[in-house]
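Every heavy atom of this structure was used, including side-chain atoms; hydrogens, water molecules and symmetry mates were not. Just follow the structure's listing: the first ligand is 1, and inside any ligand the first atom is 1. Since the structure is predicted, the reported quantities are computational estimates derived from the model, not experimental observations.
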Amino acid sequence: MREEEQRRTSQPSDLDAPDLRLVLDRLHEGFQVVDRNFRYVYLNDAAVVHARREREALLGRSMIEAYPGIDRTPLFDLLRRCQATGERAELQNEFEYPDGQRALFELRVQPTGGGLAILSIDITERQQLQAQLRQAQKLEAIGRLASGVAHDFNNLLTVIGGFADLAKGELPAGAPAAAHLEEALRAVDRAAELTRKLLALAREAPSRPQGIDLNDLIAGLLQVLPRLVDESCEIATRLAPDLWPIEADPGGLEQLLLNLAVNARDAMPRGGRLRIETSNQTLAEPVRMRWGRPIAAGDYVLLAVSDSGTGIAPEHLERIFDPFFTTKPPGQGTGLGLSVCMGIAEQAGGYINVYSEPGQGTTFRVYLPRREAGASRPEIRPAGEPRAGDERIAVVEDDPQLRGLMVSVLGRAGYRVTEVEGGPAAAATLARLARLDLLVTDVVMPGVTGPALAELLRRERPRLPVLFVSGYPGSAIAERHLLAEGETLLEKPFGSERLLAAVRALLDG
Ligand SMILES: Nc1ncnc2c1ncn2[C@@H]1O[C@H](COP(=O)(O)OP(=O)(O)OP(=O)(O)O)[C@@H](O)[C@H]1O
Ligand SMILES: [Mg+2]
């Protein structure tokens with residue numbers, strides 16, 4: 001016991017004041033001491049970094065002199081209370097630097113008799129990570145909901161659109177009802193676009209990445225953009241020559257650009273300037289963003305879309321990428337535009353960053369990773385002129401309306417069609433057919449799945465072509481390994497033309 005006591009009392013001589021300072025300066029935590037008048041007596045290096053002031057500018061001064069107005073803050077109330085009661089306290093405090101940057105600190109205040117010792121821990125990053133995690137969880141939940149609904153919804157849309165299409169074909173030319181059906185079909189297209197948005201949000205939209213020259217894509221869009229924005233809006237471009245190729249889904253990228261352009265237009269009700277710029281960028285080290293995850297080091301193609309519009313209020317900036325966040329009146333904005341953009345950029349391995357000055361305008365920067373040489377992915381896409389034939393086609397689909405539609409479309413084109421509801425008996429029924437040239441089947445069905453059915457039938461007819469139709473997006477199916485490589489998938493909703501084209505291509509292939 002005596003030895004122990006000796007060691008304790010001998011400590012100060014082992015570690016003298018200069019040593020102690022060195023130790024304190026190595027701490028990650030800021031450590032500062034103020035006297036009973038809140039005058040700075042000591043600050044370690046981390047505290048100086050946290051304060052972003054010279055040590056000399058603080059030492060000997062009171063907190064009120066150093067930070068005018070601080071005595072009216074809740075933080076200072078707490079410090080006063082600690083002084084008065086001698087009790088320790090903790091709190092989180094957001095600090096705004098003169099340049100507008102913010103940092104979040106956890107402060108631990110310990111009364112020392114004569115004054116206060118304050119430990120400060122920078123938790124900005126930790127908090128950002130937590131916010132990111134919450135955001136990711138939120139998106140995941142919405143994604144699951146969206147893809148669940150989208151599946152059923154796509155079935156219904158295919159049926160509605162398909163029958164409207166058929167009905168239109170049965171009307172004599174110039175019949176007034178044809179125009180009505182035309183309207184209905186347009187609404188179906190819009191609804192299909194909405195499901196696509198929801199699925200993009202769920203990161204499950206069918207994506208067909210391929211090598212792309214972003215400048216070419218922009219050049220194509222420039223033909224439609226003027227129709228989208230007002231005449232009072234000037235469109236300027238600066239496209240870097242020798243832009244690196246990227247790997248992305250062209251449809252997705254077009255949508256991304258259009259969403260940004262539409263937002264820019266909406267922000268400039270009285271006209272202004274929309275700028276679209278591209279450039280090659282090499283990031284030597286990861287770039288920290290104010291929100292979201294950092295961008296990894298590497299080569300990027302940078303797409304910048306700027307406007308001279310209203311700008312975005314600072315309190316909205318953090319939320320604009322949230323699904324359903326909108327400042328537009330009901331009926332004018334769904335608030336999905338930017339979250340879809342972010343989904344598309346992330347699907348291509350990229351990221352979006354925003355800079356905005358209220359009253360001055362806004363710039364969205366989209367970072368898309370440079371495509372590595374030699375990377376390529378072949379795609380399967382039904383092609384060919386829909387030419388009617390007299391082949392025998394079996395249609396297997398558990399949804400009676402959808403099945404009825406496919407049978408009608410194929411029947412009208414001249415094919416001989418056998419329809420089956422699916423289930424365990426389907427294989428036996430189809431095996432009895434004397435002739436079978438093509439199987440059209442749903443992928444996910446109760447009882448027996450499309451791929452399993454195809455496999456059973458191919459035991460007798462090894463070369464039987466199969467067209468799989470599915471309301472599940474292509475990527476999700478690939479993930480679930482439901483479809484073998486090289487199989488053809490037709491995603492719902494599809495119109496009669498796409499169905500006929502896919503069927504013909506398989507029969508002729
Ligand atoms: N260029 C911009 N200038 C000013 N504010 C913008 C700009 N782009 C987006 N915003 C703000 O971000 C919000 C969200 O944008 P987002 O595109 O996600 O949805 P939306 O445009 O409101 O609706 P939607 O795109 O679904 O029709 C907008 O309501 C607007 O407040
Ligand atoms: Mg929008």
Exercise for the section: May I ask whether His316 has any heavy atom positioned less than 4.0 angstrom from an atom of ligand 1? Expected result: no
Handout entry: For Ile320, atoms of ligand 1 separated by under 4.0 Å from a heavy atom
Key = 11 (C), 12 (O), 14 (C), 18 (O)
Practice task
Using distance alone, determine whether Ile312 and ligand 1 share an N or O pair under 3.5 Å.
Solution key: no
Practice task
Indicate yes or no for a side-chain donor-acceptor contact from Thr237 to the backbone of Leu239 under 3.5 Å, with no hydrogens or angles considered.
Solution key: no
Practice task
Tell me, please, if Thr326 has any N/O/S atom, main chain or side chain, under 2.8 Å from the Mg ion (ligand 2)?
Solution key: no
Handout entry: Heavy-atom pair with the smallest gap, counting every atom of Ile212 and Leu217
Key = CG2-CD1, 4.4 Å
Handout entry: Residue pair Leu499 / Leu490, side-chain heavy-atom distance below 4.5 Å
Key = yes
Exercise for the section: Give, for atom CG of Leu181 and atom CG of Asp165, the distance between the pair rounded to the nearest 0.5 Å. Expected result: 9.0 Å
Problem - ligand 1 contact by Gly309, heavy-atom criterion under 4.0 angstrom - result: no
Practice task
Kindly state whether the ring of His50 and the ring of Phe95 have centres lying under 6.0 angstrom apart.
Solution key: no
Problem - Exercise: identify the closest heavy-atom pair between Ala240 and Thr278 - result: N-OG1, 3.0 Å
Handout entry: Heteroatom distance test (Thr327, ligand 1): nitrogen or oxygen, under 3.5 angstrom
Key = yes
Completion exercise
In ligand 1, the atoms that come under 4.0 Å of a heavy atom of Asp307 are 1 (N), 2 (C), 3 (N)
Exercise for the section: First locate atom OH of Tyr97, then atom CZ of Arg102, and finally report the distance between them rounded to the nearest 0.5 Å. Expected result: 12.0 Å
Practice task
Kindly indicate whether the side chain of Ile344, heavy atoms from C-beta on, has any atom under 4.5 Å from the side chain of Met342.
Solution key: no
Exercise for the section: Give a yes/no verdict on whether any heavy atom in Asn259 is under 4.0 Å from an atom of ligand 1. Expected result: no
Problem - Proximal atoms of ligand 1 relative to Ala267 (non-hydrogen, under 4.0 Å) - result: 2 (C), 3 (N), 4 (C)
Practice task
Determine, using heavy atoms of Phe364 and all atoms of ligand 1, whether some pair is separated by less than 4.0 Å.
Solution key: yes
Handout entry: Element-labelled atoms of ligand 1 that are located less than 4.0 Å from some non-hydrogen atom of Thr326
Key = 20 (P), 22 (O), 29 (O)
